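In what follows, a single structure is set out as structure tokens and then discussed.
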Number of protein chains: 2
Amino acid sequence: MEKPLSPRSAAKRTAMLDAAQACFLESGYASTSVDEVATRAGVSKATIYAHFASKDDLFGAIICRRCDDQAEGLSSLSLPDSSDARTILTAIAQRLMALFVSPEVMGIYRIVIAEAPRYPELAKTWYEAGPLRGKQRLCDVFDDMKRRGLLDFDDTRRTVDAFVGMLRGECFHRVMIELPPNPHFSAEATIETAVNFALKAFAPTA
Amino acid sequence: MEKPLSPRSAAKRTAMLDAAQACFLESGYASTSVDEVATRAGVSKATIYAHFASKDDLFGAIICRRCDDQAEGLSSLSLPDSSDARTILTAIAQRLMALFVSPEVMGIYRIVIAEAPRYPELAKTWYEAGPLRGKQRLCDVFDDMKRRGLLDFDDTRRTVDAFVGMLRGECFHRVMIELPPNPHFSAEATIETAVNFALKAFAPTA
DNA sequence: CACAAACTAAACTGCTTAGTTTAGTTTGTG
DNA sequence: CACAAACTAAACTAAGCAGTTTAGTTTGTG
């Protein structure tokens, strides 16, 4: 339903989005000026306003692009074909944790949270394209493990929600507010605790 | 090590901090002007600059005051004197969840996250006075439960971290980015899932 | 090469903001 | 009531910013 868009334009557009994303992640939305974005993108300010109606519109375009990326990234997230619950859960937790603390995902997370009260629809779009879709995929994996007798639990969605939540502890928060890491709460330790926790709670009794 | 401060001054100071906090929580740091704060506090702008060296300084004073409040609030957090693990864990989870989603705590959380990259020491101060101290208190409670044979686990801090993490799931995120609540992930359901999870994993075997 | 679309640098408008200054007023205290 | 500290309203400086305009340049295409 959209643009053929000449190759030259497309390249500029990408450069602008990349630059804007970098600026916003570094300095936040309000503290980033359109001139900065233009300079960083190697583009004139007039060009930015030829592509985007306003600074808000540019912000929206960035979030939407990230949503598309997330959708792609999720479908390529493959898991080991193991029949050991610990192996699978650990692999899931490692991938999730790596995602959560990656600078890009963390940066978007920070900025969406900060701007959510003023851009509720954007926050909604991001949340549904990212965390919600991700959890849906995890539900499929958990259901599959249940079917294979590797785990036993009642409500898949709530179980997955709790499992993912355990990964957002001290370690995650320290990255989020840029505190030095605490070795007692390393990513590995957090993952191990969560997996042990889950195995104890959901090991099949039968 | 500080100021006696006349009662008149102290009242104005409080009014300024209250107004500034409300403004920052509503609109974020960058989007709030000092004039707005002055108007809201019923105070002249000159008075603000008589009390605080800069807008940054004002921001810092707010975070510090919240830290003091948190420290007080935590020590008055009393728990039921029960010998049933479920009762105690549920009470803990309810209090934590109520705290997490309260507008004031949520507002500070959002703003600290958003501004953390630019105010790392403030974020650190806040984190240590709030979440970290809170978890320390929880560790005491968990240790006590272990001593009384109500729970069994290895590493207290990691266990508490995981338990608290489970409360920061879908429900919490929806509040954070102001999405309408999902009945399947109500606060009550989240608490129940987390408590069931913990009881299964940490019920004493002996 | 001619033409149109997309771009550029730079100046410009109009507005907002942090922070200061001034000149005068309120308020508690002796 | 006299005095000093704290306050006030309002004007002011200096800077930054979103967004526009202008006049001219690059670039792919027929």
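It should be emphasised that the depicted structure is a prediction, and the values quoted were computed from it without experimental measurement. Residue numbers start from 1 in every chain, and the chains themselves are labelled A, B, ... in the order their sequence lines are given, proteins ahead of strands.
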Salt bridge present between A/Glu104 and A/Arg66 (N-O < 4.0 angstrom):
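Here A/Glu104 pairs with A/Arg66 in a salt bridge, since their nearest N and O are under 4.0 Å apart.
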
Output yes when at least one side-chain N/O atom of A/Thr47 is less than 4.0 Å from OP1 or OP2 of C/dA6, else no.
no

When you check the phosphate oxygens OP1 and OP2 of C/dC7, does a side-chain N or O of A/His51 lie under 4.0 Å from one of them?
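For C/dC7, OP1 or OP2 has a side-chain N or O of A/His51 closer than 4.0 Å.
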
Do you see a donor-acceptor pair shorter than 3.5 Å between the side chains of [X] and [Y]?
X: B/Tyr127; Y: A/Glu170; value: yes
X: A/Tyr29; Y: A/Asp56; value: yes
X: B/Asp155; Y: A/His184; value: yes

Can you label the angle between the B/Tyr109 ring and the B/Phe172 ring as parallel, tilted or perpendicular, going by 30° and 60°?
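Ring orientation of B/Tyr109 relative to B/Phe172: perpendicular.
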
Rounded interatomic separation in angstrom, taking [atom1] from [X] and [atom2] from [N]:
X: B/Phe52; N: D/dC7; atom1: CZ; atom2: P; result: 11 Å
X: B/Lys12; N: C/dT25; atom1: NZ; atom2: P; result: 17 Å
X: B/Ile48; N: D/dA6; atom1: CD1; atom2: C1'; result: 15 Å
X: A/Tyr49; N: C/dT8; atom1: OH; atom2: P; result: 15 Å
X: B/Met16; N: D/dA6; atom1: CE; atom2: C1'; result: 10 Å

Report the residues that fulfil side chain to side chain donor-acceptor pair (under 3.5 Å) with A/Arg40, sequence neighbours left out, ordered by chain and then residue number.
A/Glu26

With sequence neighbours left out, write down each residue that passes side chain to side chain donor-acceptor pair (under 3.5 Å) with B/Ser44, or none if nothing qualifies.
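By the side chain to side chain donor-acceptor pair (under 3.5 Å) rule, B/Ser44 matches B/Thr47.
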
Of all of residues 30-46 of chain B, which get a heavy atom below 4.0 angstrom from DNA chain C, listed by number?
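Per residue number, the list reads B/Thr32, B/Ser33, B/Val34, B/Lys45, B/Ala46.
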
How does DNA chain D look in dot-bracket notation if pairs are Watson-Crick or G-U with both distances under 3.5 Å, crossing ones as [ ], other-strand ones as |?
||||||||||||||||||||||||||||||

When you measure from the centre of the six-membered ring of A/Phe185, is the NZ or CZ of B/Arg157 under 6.0 Å away and within 45° of the axis?
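Pair B/Arg157/A/Phe185 does not count as cation-pi.
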
Answer yes or no for B/Lys200 and A/Phe202: cation-pi contact, defined as NZ/CZ to six-membered ring centre under 6.0 Å and angle to ring axis within 45°.
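Because its charged atom misses either the 6.0 Å distance or the 45° angle limit, B/Lys200 does not stack over A/Phe202.
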
Nucleic acid contacts - residues 53-60 of chain A versus DNA chain D, non-hydrogen atoms under 4.0 Å:
A/Ser54, A/Lys55

Partners passing salt bridge (Lys or Arg N to Asp or Glu O under 4.0 Å) against B/Asp140 (at least two apart in sequence or in another chain):
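With neighbours one apart ignored, the set is empty.
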
Give the C-alpha distance, both sets of side-chain angles, the deciding distance and a yes or no for salt bridge (charged side-chain N to carboxylate O under 4.0 Å, His left out) between A/Glu115 and A/Arg118.
CA-CA 5 Å; A/Glu115 306 297 336; A/Arg118 269 139 288 153; 3.5 Å; yes

